[in-house]
Amino acid sequence: MTCAACVSRVEKRLGRLDGVSATVNLATGTARVLHPAATPADDLVAAVEGAGYRAEVRRPAPPAEPDGGARDGSPEAAATARLVPVALLALPVLVLSMSTALQFRNWQWLCFVLTAPVATWGAWPFHRGALRGLRHSAATMDTLVSLGVAASFCWSAYALFLGGAGAPGMRMPFSLLPSAGPGDPGTSHLYLEAAAGVPLFVLLGRVLEGRARRGTGQALRALAALTVRSVRLLDGEGRERLVDASELKVGDRFTVRPGERIATDGTVVEGRSAVDLSLVTGESEPVETGPGDGVTGAAVNAGGRLVVRATAVGEDTRLARIARLVTEAQAGKARAQRLADRVAGAFVPCVVALAVTVLGFWLGAGASPESAVTCAVAVLVVACPCALGLATPTALLAASGRGAQLGVLVSGPTALETLRRVDTVVLDKTGTLTTGRMAVLAATADPAGLGEEAATRLAGAVEDASEHPVGRAVAARARGLSPGAALPRVTDFAATPGAGVRGTVEGRRVAVYAAGRGLPPELARAGDAAESRAHTAVAVEVDGRPELVLELGDVLRPGAYRAVDRLRRLGLSVVLATGDLEGPARGVADRLGVTEVHAGQSPEDKARLVRELRGRGHRVAMVGDGVNDTAALAAADLGIALGSGTDAAVGAADVTLVREEGIEALADAFALARRTVATVRANLLWAFGYNAVTLPLAAVGLLDPMVAAAAMSASSVLVVAGSLRLRTWQPGPHRPPRAALGPRARTAGRRA
């Protein structure tokens, strides 16, 4: 395919089959087809071939050889093969035709000999495309280029052999602004420079366009290149054996040495290390992992040796899902692109009709035949439907790839468009803004007792034997106070449901239970304060004496405050909706600066809230991570899920944030969507504006055909170059939250 007219024709031909709908992407050269199960793929291929193109069912490229080069038989491959010979032949013709001082005796015949292979063999891809379109009663950009080259060359041949231009000593002045008025009735003017220059510039444009187009998909190929080829598999006796990664099965154990990539998703069973996820999810800091922690395939082991048990292989891995989501996103179309494709479907026939009209008008107005032909050829050559076809898919290719690098997976162009228009964001609390795990938020020790660190250490030793969330949080707190030191051993451990745990540690009787009455005044006040915040308060008793009160609750994710502040800076309203009680919900909202809070919300209540906001005219995005958020995600204009959330939430979402601390990527997603839509609009404005300006100039004789060819090629390259800027897009600086700035600092910031 060479232009948006090709896209329109293939889609229409596929759409003629019963129950079939297709979305064709010019930038990737692929069609995504939805068809009944009874329709075989051979019928789909036959339909595409019936439109004048070749097709085959797409197979995934091998991980070691990601699809990134020019395909054999593609327009770019044909252009690359012909570019150098055409340039060697065409450049002398352009120099001689444009410089009267260099025109020696019989120079025109040398130019004719050099131009003949350019206009035939060099331009053959265009002639072949035009003939193929003619057989199928269709016209494309190839039709325009072929007609322009043929008209220029045939007119020049007529002038040389029958019109007197072949006389020895003939000189031809060159002007970039040909006259369309009445001229010499003779036929001494030649257009060999157009016949040679048009193929040269169009071929060059296709090569540059193809290279730039492949650049937009670089991120996806980089993901494919992360796949590990071989892995050290552990057998039942613990011996390592190097095998192909494709042989891995769920449950297999394998080793990962420092500096190596993890072969597939799994769980660490032995060893501790820092794992670098930056190339997979955009996570900037390595993540500490140990036994029981999950790891992602293709992440780099930055520390010690790990033994990992595979939990997902092949197409079920996180990396494969990311690549699949990016690929599916690139197959869709924005509304603006669908409009451009409809325009392009009628574009080429209209241009051909315009060229014929221009030719007839100038001949009827008394202009010389050569001037009339010049104007008609310029109209044919300057028109550029390919820029219309490339405006959106190249931007989407670049944006979806860049989003994947930043940890933002967008399901398609519709999601990007919706993301840009959102004005209200509804945030779930547990698991989204908070970690979803209990942690010790505060500790109050009896001033006359053992002290916080000693009492916490004893409590952690007892709770380390418990599987209760409170127990895990207390044990984690104890380890954090003494990094690297092991907790003491507990004996006589006993756990009473609803009453707490007790045991003997280092000869001392230790009990951890729900804080209540009978505590010293200071500890009692700490317990009451925790209850007022709807947090859990536990007391630690050593040898029968209360020593410590620990306040536990769900903690905010590290980037939650920054994420909410950036959303407000982008002009978005933030709403908190949670199934938790009023106290914890208000506590989180106060810390984040959120004013609208809806607590005690069931899944149905969350969905109802979203529908109410939409009913008031808001564009709503719902952000969640759990099964209880699925209904609200589906009810919103746009659903956004954390990649660490449940499969149900990810499946119902339009955007997935795959960073470890995904909430920080939320504002990046909105900013990227706005930049992408702005780029698409700029591309389409250029594509439409270019044709709106250049076609009238060509029609009135103010564009030489050769200049028109260069302008046409440049238009496509500029559109793709505009999209390429998205590859290097960076989120805005993470400025300090507004609350942290004084009045003078805020004023200085606005002034800057």
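Applying the side-chain hydrogen bond (donor to acceptor under 3.5 Å, both in side chains) test to Glu260 and every residue at least two apart in sequence or in another chain returns Arg232. Taking the side chain to side chain contact (heavy atoms under 4.5 Å, CB included) definition, one finds that Asp492 meets it with Thr504, sequence neighbours left out. Every residue was checked against the salt bridge (charged side-chain N to carboxylate O under 4.0 Å, His left out) condition with Asp590, not counting sequence neighbours, and none meets it. Pro488 pairs by the side chain to side chain contact (heavy atoms under 4.5 Å, CB included) definition with Arg457, Ala461, Val505, Glu506, not counting sequence neighbours. With sequence neighbours excluded, no residue satisfies salt bridge (charged side-chain N to carboxylate O under 4.0 Å, His left out) with Arg675. By the side chain to side chain contact (heavy atoms under 4.5 Å, CB included) test, Glu551 pairs with Ala442, Ala530, Arg533, His535, sequence neighbours left out. Considering only residues two or more places apart in sequence or on other chains, Thr255 meets the side-chain hydrogen bond (donor to acceptor under 3.5 Å, both in side chains) condition with Glu240. For Arg509, there are no salt bridge (charged side-chain N to carboxylate O under 4.0 Å, His left out) partners two or more places apart in sequence or in a different chain. Applying the salt bridge (charged side-chain N to carboxylate O under 4.0 Å, His left out) criterion to Glu541, with sequence neighbours excluded, gives no partner residue. Checked against side-chain hydrogen bond (donor to acceptor under 3.5 Å, both in side chains), Thr434 has the following partners two or more places apart in sequence or in another chain: Asp554. Scored by the side-chain hydrogen bond (donor to acceptor under 3.5 Å, both in side chains) test, Thr679 finds no partners at all (sequence neighbours excluded). With sequence neighbours excluded, the residues forming a side chain to side chain contact (heavy atoms under 4.5 Å, CB included) with Arg253 are Leu234, Val269, Val307, Arg309, listed by chain and number.
No hydrogens or angles considered: a donor-acceptor pair under 3.5 Å links the side chains of Asn301 and Ser273. The closest side-chain donor-acceptor pair between Thr289 and Asp293, if any, does not fall under 3.5 angstrom.
Closest non-hydrogen pair, Val588 versus Leu576, comes out as CG1-CD2, 4.5 Å. Contact record, Ala454 with Leu450: CB-O, 3.9 Å, taken as the closest heavy-atom pair. The two residues Pro546 and Asp446 come nearest to each other via the heavy atoms O-OD2, 3.9 Å. For Val597 against Ala589, the heavy-atom pair with the smallest separation is CG2-CB, 3.3 Å. Of all heavy-atom pairs between Pro603 and Ala631, the closest is O-CB, 4.3 Å. Here the closest heavy-atom approach between residue Leu248 and residue Ala263 is recorded as CD1-CB, 3.9 Å.
Here the side chains of Phe670 and Leu567 are in contact, with some heavy-atom distance below 4.5 Å. Looking at heavy atoms from C-beta onward, Pro731 lies in side-chain contact with Leu406 at the 4.5 angstrom threshold. Asp464 is listed as a side-chain neighbour of Arg479, based on a closest heavy-atom distance under 4.5 Å. Contact check for Val538 versus Val549: no side-chain heavy atoms found under the 4.5 Å cut-off. Under the 4.5 Å side-chain criterion, counting only non-hydrogen atoms from C-beta, Val425 is in contact with Val623. Put simply, the side chain of Ile262 does not reach to within 4.5 Å of the side chain of Val228, judged on heavy atoms. Contact annotation: the side chain of Leu638 approaches that of Val655 to within less than 4.5 Å [non-hydrogen atoms, C-beta and beyond]. When side chains are defined from C-beta on, Arg402 does not count as touching Val408, because their heavy atoms never get closer than 4.5 Å.
From Leu458, atom CG reaches atom CD of Glu453 across 11.0 Å, with rounding to the nearest 0.5 Å. Separating the CG atom in Leu242 from the CZ atom in Arg229 is a distance of 13.0 Å, to the nearest 0.5 Å. Atom CG of residue Leu427 and atom CE of residue Met622 lie 7.5 Å apart, to the nearest 0.5 angstrom. A distance of 9.5 Å separates CG in Leu306 from CD in Glu270, rounded to the nearest 0.5 Å. Remark: Leu726 CG to Leu672 CG distance equals 7.0 Å, nearest 0.5 Å. Once rounded to the nearest 0.5 Å, the distance linking CZ of Arg586 with OG1 of Thr578 reads 12.0 Å.
Distance alone, capped at 3.5 Å, is enough to place a donor-acceptor pair between the Thr317 side chain and the Gly314 backbone. Remark: the backbone N or O of Ala511 is not paired with any side-chain donor or acceptor of Arg502 at under 3.5 angstrom. Asp265 places a side-chain N or O within 3.5 Å of a backbone atom of Gly297 that can act as its donor or acceptor partner.
Annotation for Arg725: atom CZ does not count as buried by contact number, only 12 or fewer foreign heavy atoms lying within 6.0 Å. The local environment of CZ in Arg305 is crowded, with over 12 non-hydrogen atoms from other residues, nucleotides or ligands closer than 6.0 Å.
Between Asp428 and Lys606 there is a salt bridge, with a side-chain nitrogen of the basic residue lying less than 4.0 Å from a carboxylate oxygen of the acidic one. A salt bridge does not link Arg562 to Asp565: none of the charged nitrogens lies less than 4.0 Å from a carboxylate oxygen.
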Inset, instruction - Test Arg566 against Leu572 for side chain to side chain contact (heavy atoms under 4.5 Å, CB included), laying out the working first. - result: CA-CA 9 Å; Arg566 290 184 64 203; Leu572 300 169; over 6 Å; no

Inset, instruction - Let me see the working for Thr264 and Phe254 under side chain to side chain contact (heavy atoms under 4.5 Å, CB included), right down to the final yes or no. - result: CA-CA 10 Å; Thr264 191; Phe254 59 93; 3.9 Å; yes

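For the pairing with Asp252, the side-chain contact (heavy atoms from CB on, under 4.5 Å) check across Val231, Leu233, Val308 returns one residue only, Leu233.
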